[in-house]
Trainee: 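First the structure, then my questions, so here it is.
Letters A, B, ... are given to chains in the order of the sequence lines, protein chains preceding strands, and every chain is numbered from 1.
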Amino acid sequence: MKKSINSFRAAGVLMACLSPLALASAAYSDTTYGPFPVTVKGYSGSKTNSVSYTGQIARHVLHDSLKKLASKGDGGANAANLQAEMMAYFGGSDNNKAIISPVDKGDFNIKQETLNEISKGKNLSGKSYKGVVNGWPGQMTGAEVLASMIEHAAATKGGFDPATGFNYPQLISKFAMGAVFYNQAVDNYLDEKLAADNKPNSKPYKDGAHYTGKEHVWDEAFGYWGAAAHSLNLSAKENYDVAKMKNLAAADANGDGMIDLKSEMTFAHAYYASSFDKGGKTNYMSTVTQAFIDGRQLISDANGENLTDAQRAQLMGYADVIGSNWEKVIAESVFKYAGSVYNDITKLGELLESNGDTAKAFSAYCKHWGELKGFSMALQAGKENLGETAVKLNRMIGFGPVLLNASQVTGMDSQGNFTKDEAMSWGDYQLHMLKIQKLMVDRFGVTAKSKDQTGNMAALADKLGSANSAEND
Amino acid sequence: MSQPLDFFIGIFEHFGDPKKRVFLGYILLSILIAFIWLLVARKMSLRAAIAKVFDKKIFFSRSSRGDYTIFFINRIFTLFISPLLLTQLVVATGLFHLLHRVDWPEFPAAASLPTLLIIMAFTVTIFVLDDLTKYIVHRWMHKWPLLWALHKTHHSATNLTPLTIYRTHPLEGIVFSLRSAFTQGVALSIFFYWFDDKVDLMTVLGVNVLVFTFNVAGSNLRHSHIGIRYWRWLEYVLISPAQHQLHHSVAVQHHDKNFGATLAVWDWLFGSLHHSVETEDLTLGLGQGEPDTDHSLYAMYLRPLLEIYLYLRRRARTAALKITTLFRPTPSVEWLLHPSGNTKTKDQDEKNASL
C-alpha cells in the first residue's frame with residue numbers, strides 16, 4: 001500500500017516536471033493548425049506530423065488558376081483551346097500542370113510552380129455540388145453548371161459577355177468556392193464523415209496512412225476553409241494582405257523567404273472572412289480557425305482510439321461553429337455585393353440621364369452582379385436546404401442582370417444558349433437589392449454589413465434624434 | 001450600473017443632452033441673454049435684474065410647481081412608452097422602399113454635386129420642414145376640439161418657465177412624436193434616394209447646427225417671464241420670446257396667434273402673425289369660457305380625457321339624431337299642414353258617418 005502511494009507521488013512529481021513541456025506544446029498548437037503527432041495505432045513509418053490537407057490546397061490552386069484562365073478569351077478564335085485548357089484544370093488530369101495563380105509577385109515568392117509539387121491527380125469537377133442548382137438556368141448539377149460556364153467563358157473576350165451581362169471569371173470563381181470548398185467541408189467532412197462508423201479514429205484513413213480517419217477528415221475540412229496554418233497569429237488585415245500577396249513577412253511563417261502554398265497562404269472564404277473582419281465588427285477568421293484547431297486537438301488527444309459519444313458531441317459542436325460562421329461569411333458577401341449592385345444601378349441611372357458613357361459603369365455593374373450571383377449560388381450549396389430563402393434569393397437576383405436595353409436572361413434553351421425576355425424595372429431591381437440585404441440580416445444575422453444601403457440612413461436617423469419625450473415648442 | 005440609478009439618470013438626462021432644449025448649457029446662455037436684455041435694453045440695475053430673472057414668485061408658483069410635477073411623471077411615462085413609438089427610421093425605410101417602386105427621375109446631376117452642398121441642403125431642409133410641420137400640428141392643436149382638449153394642459157400654465165415645455169399631455173406627446181417621425185422619415189428617404197451616401201447632417205455637439213443656433217440664441221426664453229422683443233422686421237422672420245408669450249395670453253385678440261416654433265414666416269404666410277407687446281401687461285393661461293385650473297394632476301392629466309369623452313358623446317348623439325331623422329317615414333301633405341297630428345276631429349268623423 002505504502003509503495004503504491006509512493007509511486008503515485010513519484011508519478012505526480014514527474015507530471016509536474018513535464019507539465020511546462022506539455023503546456024508549451026499545447027500553446028504551440030493552440031494558435032497554429034499543426035503539427036499534431038501521429039496517433040495511428042501500429043504506425044511504423046517515419047512521419048511525425050499527422051496533419052495533411054495538400055489535396056485541398058491543390059484544389060484552391062486549381063480554382064485560382066481556373067479563374068485566371070476564364071478571362072483569357074479573345075472573342076472566339078481561341079475558344080476551343082481555352083475551353084480544353086480550362087477543363088483540364090476543372091476536370092483534372094494526371095499530367096502535371098503549371099500553377100497559373102498564385103504566382104510570384106514582387107518579393108512574394110511562391111515555393112511551388114506546378115500542381116504536382118502540391119498534390120497529384122486532383123480535380124474540382126468530382127467534388128462539386130451534386131444537387132440541382134436552382135439559381136442557374138438549365139436544371140444542372142454543380143459540375144454541369146461550372147462546365148457550361150467554362151464553355152461560354154472560352155468564347156468571350158476577356159471573360160465578359162455584354163449580351164448577357166455575365167462576367168464568367170467572377171461567376172465561376174464565386175460559385176466554385178461554394179459548390180466545391182464550402183459544400184465538401186460542411187456537407188461532407190463536417191457532416192456524415194463525423195459519424196462514429198464513418199472513417200473511425202481507431203483506424204488509419206486508408207491502409208498505410210500516418211493519420212487516422214477522423215484526423216484526416218478534419219484536416220480536409222480545414223484545407224477547404226483556406227486559412228494559413230498560422231493565421232491565428234496574424235491580424236485580420238495581415239491575413240487579408242497575405243491573400244493579396246502584399247505582406248511577405250506575415251505570410252512567411254517559417255522565415256525561409258518563400259511562401260509555401262501548402263501552409264502559408266490564405267485562400268477562398270478565409271480571405272473573405274479576413275476582409276470583413278478587418279472592418280472590426282466581426283471575427284469570422286479567428287472563430288472558425290480556432291474551432292478547427294480545437295477540434296483537431298480533441299481528435300489528437302483521443303490518441304488513435306475511437307471517439308467517445310461525448311467527444312464526438314463536442315466535435316460536432318466545433319463543426320457547428322465552423323459551419324454557421326462559414327455560412328455567415330458567404331451571406332456577408334451576398335450582402336456586400338447586393339449593395340455594390342445597388343450603387344452601380346444608381347451610377348448607371350445618372351449616366352443615362354446625362355447621356356454619359358456607360359461602358360465602364362456597365363462593366364463594373366456586371367462584375368459585381370457576377371460576384372453577387374456566384375456567392376448567392378454558393379450559399380445554397382451548404383448542408384441544409386435554405387428553402388424559402390433560396391427561392392427569394394434566386395427570384396430577386398434573377399438569372400441575369402437587368403441590361404441597359406431592359407432585357408434580362410430568363411432561361412436556357414436545349415442547346416445551352418441563354419434566352420432573354422423583358423426585364424423588371426431598374427427601380428424594382430434596386431428594391432430587390434435592398435430586400436436581399438434585409439434577407440441576409442434576418443436569415444443569417446450578418447453584422448459586418450459592407451455597402452449597407454440603409455445603414456447610413458439608420459446612422460443619420462440616430463443623429464437626428466427622436467422627439468418622443470412629450471415636449472411642446 | 002444598477003437599474004434604479006439608470007432610471008434616475010434617464011429622468012434627468014435631458015439636462016445633459018445638447019439635443020434637448022433644457023440642456024444646461026442652453027439654459028445658462030438663456031440666463032445670460034436675459035441679463036443682457038434687462039441691463040442693456042431695459043436699463044435695469046444689476047440688483048433689480050437678478051431679482052427679476054430669479055423671481056421666487058415665478059419659480060415657486062402653483063403653476064410652476066405643476067410644471068415640475070408633470071416633468072417627473074412624463075419622464076417616467078416616456079421612458080416606458082418611447083420604445084413603442086413609431087420611429088423616423090421605420091417611416092424612412094418604408095418610404096425609401098416605396099420610392100423604388102416607381103422609376104422616379106434621377107436628381108439632375110446628383111453625382112456631380114459637391115457633397116458639402118448636399119449636406120447643407122439636407123441640414124436646411126430638415127430644419128425648415130421640421131419647423132413647418134411643427135407650425136401645422138400646433139395650429140391643429142388649437143383649431144380641433146379633440147386636440148385642443150389635450151393642448152390645454154400646456155396652456156393652463158399661468159406663468160412660464162423653461163420646464164413648461166414638458167407640461168404636455170402624454171397623448172399630445174404621441175402626436176408630436178408621430179409628426180417628428182413622419183417629417184424626418186420623408187426627408188431622410190428622399191435625400192437618400194437621390195444622393196445615397198453623400199447625405200449627412202451638419203452638426204455642433206452632435207446637434208443640427210441650425211437647431212443648435214436656435215437654442216444658443218435663447219430658445220428657453222420663449223417659456224419664461226423675460227419678454228424679449230425683436231425688431232419689428234425680425235419678428236416677421238423669427239418668433240421672439242415675447243411673441244410666444246403672447247401666444248399664451250388669455251386676451252381674445254391674442255388667441256390663435258403665433259403658432260410658430262422658430263420661424264415666424266409660417267404665421268406671416270398663413271395670417272396668424274402677431275407682433276410682440278409689452279408682456280408685463282399680459283395675463284397668461286386659458287381664456288374665458290375655460291374651466292379654472294388649479295394645476296392639479298386631475299386638471300392636467302384626466303380633465304382632457306374627460307373633455308374628449310364628453311365631446312365625442314355629444315358628437316355621437318348629434319350624429320344619432322341626424323340618422324334617426326334620416327330614416328323617419330316621409331311626412332304626408334296633411335301632416336305638413338297640421339303638424340299637431342289631429343288632421344280630423346271626432347265631430348267631423350261623426351258628421352261624415354251620418355252623411
Side-chain angles (χ1 to χ4, degrees), chain A residues 338-358 360-361 396 402 406 423-439 441-442 449-473, chain B residues 14 19-21 74-75 77-78 81-82 85 87-89 92-93 96-97 99-106 108-112 122 126 134 138 151 154 164-170 172-174 176-177 179-181 184-185 188-189 192 196-197 199-201 203 206-208 222-223 261-262:
Chain A
S340 297
V341 166
Y342 181 96
N343 286 340
D344 293 335
I345 295 174
T346 305
K347 238 175 261 164
L348 277 173
E350 284 163 5
L351 288 169
L352 288 173
E353 201 90 358
S354 61
N355 292 320
D357 181 11
T358 53
K360 217 172 141 193
M396 286 193 288
V402 172
M424 64 188 89
S425 76
W426 286 108
D428 277 345
Y429 204 47
Q430 265 192 317
L431 183 58
H432 284 183
M433 296 304 128
L434 298 178
K435 287 184 173 171
I436 288 166
Q437 288 203 326
K438 186 169 183 302
L439 188 64
V441 174
D442 294 347
K449 294 189 183 176
S450 297
K451 309 270 178 199
D452 188 354
Q453 290 306 321
T454 52
N456 290 312
M457 198 154 77
L460 188 53
D462 201 39
K463 221 177 200 182
L464 286 172
S466 59
N468 56 8
S469 62
E471 290 160 54
N472 260 281
D473 281 285
Chain B
H14 285 192
K19 282 184 179 138
K20 293 294 173 186
R21 195 183 291 174
N74 273 4
R75 289 299 299 134
F77 183 79
T78 51
I81 204 155
S82 60
L85 295 173
T87 66
Q88 75 275 59
L89 187 57
T93 314
F96 190 58
H97 283 178
L99 284 170
H100 286 85
R101 295 227 174 254
V102 183
D103 276 332
W104 297 100
E106 297 290 337
S112 54
F122 179 72
I126 199 96
K134 276 178 182 174
H138 191 187
H151 193 46
H154 180 63
T164 309
I165 60 168
Y166 291 96
R167 189 183 178 118
T168 301
H169 197 278
E172 188 183 11
I174 291 172
F176 291 158
S177 148
R179 178 209 63 76
S180 169
Q184 296 187 359
L188 279 171
S189 56
F192 267 94
D196 303 314
D197 291 356
V199 188
D200 206 347
L201 187 72
T203 59
V207 190
N208 183 336
R222 286 162 60 81
H223 292 99
T262 306

Trainee: Between D473(A) and R222(B), is there a salt bridge with N-O shorter than 4.0 Å?
Mentor: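 Looking at R222(B) and D473(A), the cut-off is not met.
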Trainee: If you round to the nearest 0.5 Å, how far is CD of E471(A) from NE2 of H14(B)?
Mentor: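 With rounding to 0.5 Å, NE2 (H14(B)) is 6.0 Å from CD (E471(A)).
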Trainee: Could you state the interatomic distance from CG (N472(A)) to CZ (R167(B)), rounded to the nearest 0.5 Å?
Mentor: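 The distance works out to 11.0 Å.
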Trainee: Of the backbone (N, CA, C, O) and the side chain (C-beta and beyond), which part of V207(B) lies under 4.5 Å from a heavy atom of chain A, both, or neither?
Mentor: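 For V207(B), no heavy atom lies under 4.5 Å from chain A.
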Trainee: Which distance, rounded to the nearest 0.5 Å, do you find between the CE of M457(A) and the CD of Q184(B)?
Mentor: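 Nearest 0.5 Å value for the CE-CD distance: 12.0 Å.
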Trainee: Under 4.5 Å heavy-atom distance to chain B, tell me which part of K347(A) shows up: side chain, backbone, both or neither.
Mentor: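 Neither the backbone nor the side chain of K347(A) comes within 4.5 Å of chain B.
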Trainee: Counting only heavy atoms closer than 4.5 Å, note whether H138(B) contacts chain A via side chain, backbone, both or neither.
Mentor: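 Answer is neither: H138(B) stays 4.5 Å or more from chain A.
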Trainee: With a 4.5 angstrom heavy-atom cut-off, is it the side chain or the backbone of I174(B) that approaches chain A, or both, or neither?
Mentor: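 Neither part; nothing is under 4.5 Å.
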Trainee: Return the minimal non-hydrogen interatomic distance between N74(B) and A470(A), and the atom names on each side.
Mentor: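 Nearest pair, atom of N74(B) first, then A470(A): ND2-CB, 4.2 Å.
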Trainee: Output yes when a side-chain donor or acceptor of Q453(A) lies under 3.5 Å from a complementary backbone atom of D196(B), and no otherwise.
Mentor: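 Side chain of Q453(A) to backbone of D196(B): no pair is present.
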Trainee: Pick one of side chain, backbone, both or neither for F77(B), based on which atoms fall under 4.5 Å of a heavy atom in chain A.
Mentor: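 Contact with chain A involves no heavy atom of F77(B) at all.
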Trainee: Heavy-atom distance under 4.5 Å to chain B: side chain of E350(A), backbone, both or neither?
Mentor: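 Looking at E350(A), backbone and side chain both touch chain B.
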Trainee: Tell me whether K360(A) at atom NZ has more than 12 heavy atoms from other residues, nucleotides or ligands lying less than 6.0 Å away.
Mentor: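 Check fails, neighbour count at 12 or below.
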Trainee: Shortest non-hydrogen contact from A458(A) to L89(B)?
Mentor: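 Scanning both residues, the minimum pair turns out to be CA-CD1, 3.5 Å.
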Trainee: Under 4.5 Å from any heavy atom of chain B, what part of Y429(A) do you find: side chain, backbone, both or neither?
Mentor: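 Nothing of Y429(A), per the 4.5 Å heavy-atom cut-off to chain B.
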Trainee: How close do K19(B) and D462(A) get, counting heavy atoms only, and between which atoms?
Mentor: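 So the minimum-distance heavy-atom pair works out to NZ-O, 3.5 Å.
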Trainee: Against chain A, label D200(B) side chain, backbone, both or neither, depending on which of its atoms sit under 4.5 Å from a heavy atom there.
Mentor: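 Looking at D200(B), backbone and side chain both touch chain A.
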Trainee: Among L351(A), T346(A), N343(A), L460(A), who wins on heavy-atom pairs under 4.5 Å with chain B?
Mentor: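 Looking at each of L351(A), T346(A), N343(A), L460(A) in turn, L460(A) comes out on top.
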Trainee: Distance from T454(A) atom OG1 to F192(B) atom CZ, nearest 0.5 Å?
Mentor: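 So the gap between those two atoms works out to 9.5 Å.
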Trainee: Looking at NZ of K435(A) and NE2 of H100(B), how far apart are the two atoms once the value is rounded to the nearest 0.5 Å?
Mentor: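 The NE2 atom of H100(B) is 11.0 Å from NZ of K435(A), to the nearest 0.5 Å.
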Trainee: Under 4.5 Å heavy-atom distance to chain A, tell me which part of T87(B) shows up: side chain, backbone, both or neither.
Mentor: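 No part of T87(B) comes within 4.5 Å of chain A.
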